[in-house]
Amino acid sequence: MQKTLFIHELNSDKNSSTGQVVKMLLEKHGIELIVPSLDILNPEKTLQEVNSLIREQNVSLIIGHSRKIIIVSPS
């Protein structure tokens, strides 16, 4: 199964409503969405966590969300 990582906006977490909608849509196409809670205000820790998730979960796509803008990038 293809795995995608969702990076939420500044004032959000793994319960992001946008993340949950994207998760539902992708699951219909057989894509697992990983929506972790990240400490966005601590960039070093966040980068370490994101890099670990990409390696450990074999993430093939990253979706970033901020202020109603969604950015999609291959990992």
Within-4.5 Å side-chain heavy-atom neighbours: [X] and [Y]:
X     : Y     : value
Val59 : Ile34 : yes
Phe6  : Ile62 : no
Leu38 : Ile7  : yes
Ile63 : Val22 : yes

Nearest heavy atoms of [X] and [Y], plus distance in Å:
X     : Y     : value
Asn58 : Lys3  : O-CB, 4.3 Å
Leu5  : Pro36 : CD1-CD, 3.7 Å
Met1  : Gly30 : CG-O, 3.1 Å

Atom [atom1] in [X], atom [atom2] in [Y]: separation rounded to 0.5 Å?
X     : Y     : atom1 : atom2 : result
Met24 : Leu33 : CE    : CG    : 12.0 Å
Gln2  : His29 : CD    : NE2   : 11.5 Å
Thr4  : Leu61 : OG1   : CG    : 4.5 Å

Only pairs under 3.5 Å count here: list side-chain donor-acceptor contacts from residues 42-54, not counting sequence neighbours, and write none if there are none.
{"from": "Asn42", "atom 1": "OD1", "to": "Lys45", "atom 2": "N", "distance (Å)": "3.2"}
{"from": "Thr46", "atom 1": "OG1", "to": "Asp39", "atom 2": "O", "distance (Å)": "2.6"}
{"from": "Thr46", "atom 1": "OG1", "to": "Asn42", "atom 2": "O", "distance (Å)": "3.1"}
{"from": "Asn51", "atom 1": "ND2", "to": "Leu47", "atom 2": "O", "distance (Å)": "3.2"}
{"from": "Ser52", "atom 1": "OG", "to": "Gln48", "atom 2": "O", "distance (Å)": "3.0"}

